[in-house]
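Below, read A as the first sequence line, B as the second, and so on, with proteins coming before strands; counting in each chain starts at 1. The figures that follow rest on heavy atoms only: side chains count, while hydrogens, waters and symmetry mates do not.
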Amino acid sequence: MNRFKPFFNVAKTDDTPECYNRVRYIRDSCKVLADLRKSEKDFLNKSIDNDISKAFKEFRVTDNARAYYSPNGLTGSPSILNSTIDDLIQIHEQIDEERKKWFEKFRKISDQAKEKQAYIRQTISDLRDNYERAKKNYETAESNFKKFQNRPDRMSVPNYDERFRELEDIRIECDRNRISAHDIYVTEINRTSSEEHSITRDFFLRFLCEEQTFYTDIQQLLSNEIPKIQNRIDTDRLAPSFQCDISEHCVKRIQRPIAYPIDICIDLLKNSVGEEGLFRVSPALIKQKKLISELDLQLIQKGSTLSSLGYEPHVAANALKQYLRDLPECLLTNELLPQWNEISVLNEDVRIQRISELLVQLPTINYENLRQIIRFLSRVVDESSTSRMTASALSTCIGYSLLGVKDQMPGAYKQGSTIVELMITHHEILFPSDNHITYQSKPPDVIPTLRSSKNYSNSVEDLINIEPSKSSPRNSRKQVAPHPPLVRQASSQMDLTYGSQIYKDETSTDQPPAEQVAGSNSSSNLYVARKSNNNNNNGNVRPEIHRPLGPPPIPPMARPRTVYKKEQETSPIKENNELSTNDISILSPPLEDGIPVGNLLSDLYTGATNSNMNTSQINDSRISSHQYNTSSPATSEEITEF
Amino acid sequence: MALRKKVLLKVIILGDSGVGKTSLMNQFVNRKFSNQYKATIGADFLTKELQIDDRLVTMQIWDTAGQERFQSLGVAFYRGADCCVLVMDVTSPTSFKSLESWKDEFLIQAGPRDPENFPFVVLGNKVDLENRMIPTRKAQSWCQEKNNIPYYETSAKEGVNVEKAFETVARNALAREKEIDQQADFPIPIRIPQQEDPPKRDGCSC
């Protein structure tokens with residue numbers, strides 16, 4: 001009889017059902033659940049999140065933290081660390097808030113569990129007492145009955161039979177009571193046992209579900225917040241630029257085509273192109289490191305001079321080299337490395353053409369930066385009478401920085417210098433002057449703009465989040481990215497696939513070459529009349545305004561430039577077709593022109609040297625076009641439309 | 001005495017870029033000076049035979065690129081060097097300051113036995129130029145500090161002191177060679193395990 005096994009812990013009566021075990025278990029488990037809350041200070045009310053936010057809050061009010069501003073010269077603007085710690089505090093406060101809500105929900109469960117526990121305890125013990133009493137009664141009746149039955153003088157007792165029957169009746173009655181009390185008791189125990197399921201579901205499962213909601217909410221909160229912080233870090237203009245991917249740095253962060261260190265180094269060196277051994281002679285290492293650390297923090301403003309900063313030209317030149325060398329991927333891209341390396345095997349006469357084909361495949365950012373560098377190097381070469389750096393000497397020194405993979409064997413260094421030498425020598429063809437004007441539709445230098453933004457508002461939010469409604473130069477800068485004329489830039493984000501679609505984009509951006517040429521012509525005016533702002537504007541407005549209307553008629557211009565533009569238009573198509581036919585068309589114009597190729601080429605050179613006059617002033621013209629863009633309402637309107 | 005074996009000395013020339021390492025080597029080996037201003041790629045060597053007292057010495061002179069990007073190539077070139085020539089440009093304080101790090105770099109990369117007494121020679125090149133920045137005294141005192149490294153002021157352009165400097169290089173290297181020979185520490189011969197039972201060929205043996 002399993003059901004009536006002795007029950008050790010309670011009464012050792014064989015009539016206590018085994019279920020009683022369960023009932024006790026059920027009751028006690030409810031108690032634990034209820035006690036979790038009762039001892040709330042120890043369990044549920046304990047919150048690490050609260051403690052964390054408290055700890056950071058305390059940190060934020062310390063003198064050090066309050067005095068801390070971004071070290072980047074923009075006093076008052078919170079640094080990335082600063083605002084992230086603020087976020088951390090806020091997030092943990094929110095988590096703690098959630099936890100309090102969750103705790104309320106849990107309290108209901110706990111209350112119910114407590115009730116349940118009390119009820120079980122009360123009912124069971126009542127019924128049990130009842131049963132015990134009935135049993136005792138029965139036992140008394142039984143013993144009375146037995147005693148009476150066995151009385152020695154039973155024969156002498158009057159109306160013995162009557163009393164005997166009476167006692168027997170009492171006994172039977174008590175027995176009946178006892179059995180029914182027992183049945184009620186057992187029934188209640190069984191009933192309580194059967195509540196196991198509902199208790200599990202209503203208390204324990206519900207508890208877990210509430211917990212789940214809590215954690216899901218937290219998870220949601222975090223997965224909302226973390227990308228925001230991540231994004232802030234990614235797009236932080238002041239993020240270190242050394243050893244950082246160049247397109248990430250340019251597109252995401254500073255939102256300018258030219259990487260900050262390249263821009264600054266070239267700007268610093270603009271008056272030192274004649275320095276002997278520039279890019280070859282090593283500078284004092286400590287100074288180079290200092291300059292690099294300053295470039296990393298973007299402490300140097302454009303327009304500073306080497307002498308004001310206390311650097312020799314070699315410091316800046318080597319910092320530039322180191323920046324290029326430290327790029328995670330070399331400027332000419334690792335992907336194209338095999339193709340670049342093939343160039344030195346090619347015949348000399350097809351090398352240039354092959355280089356121009358590969359340049360088209362470069363991501364836009366890489367192309368723009370490369371162009372900036374090569375054009376600058378060509379200026380150094382122009383001064384080789386004093387700098388002693390001929391194209392070949394220069395390319396030996398910088399080739400590896402532009403095209404090199406770590407752990408390459410010495411033989412491979414040669415490739416880079418060969419290619420760079422060709423690029424420098426033929427830069428007019430490979431890097432035609434002014435399609436970079438496209439970029440200059442962007443608002444001006446970041447640094448001056450930030451300064452002005454500081455003027456219009458000192459509030460922290462304004463420096464971090466840019467509300468689109470405000471029409472500050474900075475805003476228009478933000479809006480620039482999707483702007484159609486900048487397709488080249490946009491496409492650079494998907495530059496790894498040189499699909500036909502991108503070629504289409506490229507052709508479409510390269511389409512307005514005519515207007516760029518117009519721009520280039522005007523930029524030569526622009527250079528001449530750089531000092532007078534009005535002229536600048538007029539000169540530069542033209543290409544911008546014409547753009548939405550489609551390609552304007554090609555204005556009369558230097559012939560060589562047209563030649564190049566054709567080449568640019570054809571070269572992408574050539575990638576899809578076979579090379580051979582286009583090989584010819586690249587350096588030579590379409591045949592229907594009927595002009596001997598040789599003439600054209602020589603034209604091209606002379607024209608290019610003409611254009612070189614303005615390109616050598618590339619920085620200046622760019623700056624002025626920036627100035628134009630800040631001041632012109634027309635452009636910013638055009639931009640904000642998109 | 002003439003029976004002594006011919007000696008090959010490996011000499012490494014180190015120093016910042018543009019101090020005249022290649023020019024010094026060319027002046028010494030070919031007695032030529034080129035005004036060409038060209039950076040060396042990687043490393044290259046020339047040899048020259050030299051009579052030192054009674055011995056015929058072949059100097060294998062390794063010219064290295066001073067460009068920072070090639071410095072990591074060092075290990076391969078530095079190993080087994082018998083002497084190291086540190087070159088600076090007397091018109092460039094930077095190149096003088098770098099001597100220290102070139103020296104340390106060399107000792108780390110080459111890992112010679114007894115680095116304390118490894119023979120170095122310091123050359124202050126371009127003394128023909130007028131805009132001299134490093135006075136002789138300063139360079140000499142630096143060399144004395146560093147365990148009395150011999151110091152020569154040279155001009156690769158005019159061939160001043162070049163011959164003498166390299167002779168010192170050879171002598172110092174030889175001196176060290178003797179010391180090491182006396183120690184007679186031959187490297188443990190590497191045993192090439194003999195293949196037992198060469199695999200039997202099936203079929204024709206062609």
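When the shell of 6.0 Å around CD1 of A:Ile286 is examined, it contains 12 or fewer heavy atoms from other residues, nucleotides or ligands. Within 6.0 Å of the CD atom in B:Glu49, the count of heavy atoms belonging to other residues, nucleotides or ligands exceeds 12. Counting non-hydrogen atoms of neighbouring residues, nucleotides and ligands closer than 6.0 angstrom, the CD atom of B:Gln51 exceeds 12 such neighbours. The environment of NZ in B:Lys48 is crowded: more than 12 heavy-atom neighbours from other residues, nucleotides or ligands sit within 6.0 Å.
Using a 4.5 Å cut-off between heavy atoms, B:Asn35 contacts chain A through both its backbone and its side chain.
Pairs passing the salt bridge (Lys or Arg N to Asp or Glu O under 4.0 Å) check and including a residue from residues 20-30 of chain B, sequence neighbours excluded, do not occur.
Note that the CZ atom of A:Arg280 and the CG atom of B:Asp16 stand 11.0 Å from one another [nearest 0.5 Å]. Atom OG of B:Ser92 sits about 9.5 Å away from atom CD of A:Glu312, to the nearest 0.5 Å. Distance check, rounded to the nearest 0.5 Å: NZ of B:Lys97 to CG of A:Leu285 gives 10.5 Å. Expressed to the nearest 0.5 Å, how far OG of A:Ser384 lies from OH of B:Tyr37 amounts to 12.5 Å.
Of all heavy-atom pairs spanning B:Lys38 and A:Ser392, the tightest one is CE-OG, 3.3 Å.
At distances below 3.5 Å, not a single donor-acceptor pair connects side-chain atoms of B:Thr94 with backbone N or O atoms of A:Pro283.
For B:Arg171, the salt bridge (charged side-chain N to carboxylate O under 4.0 Å, His left out) partners are B:Asp53, B:Glu167, not counting sequence neighbours.
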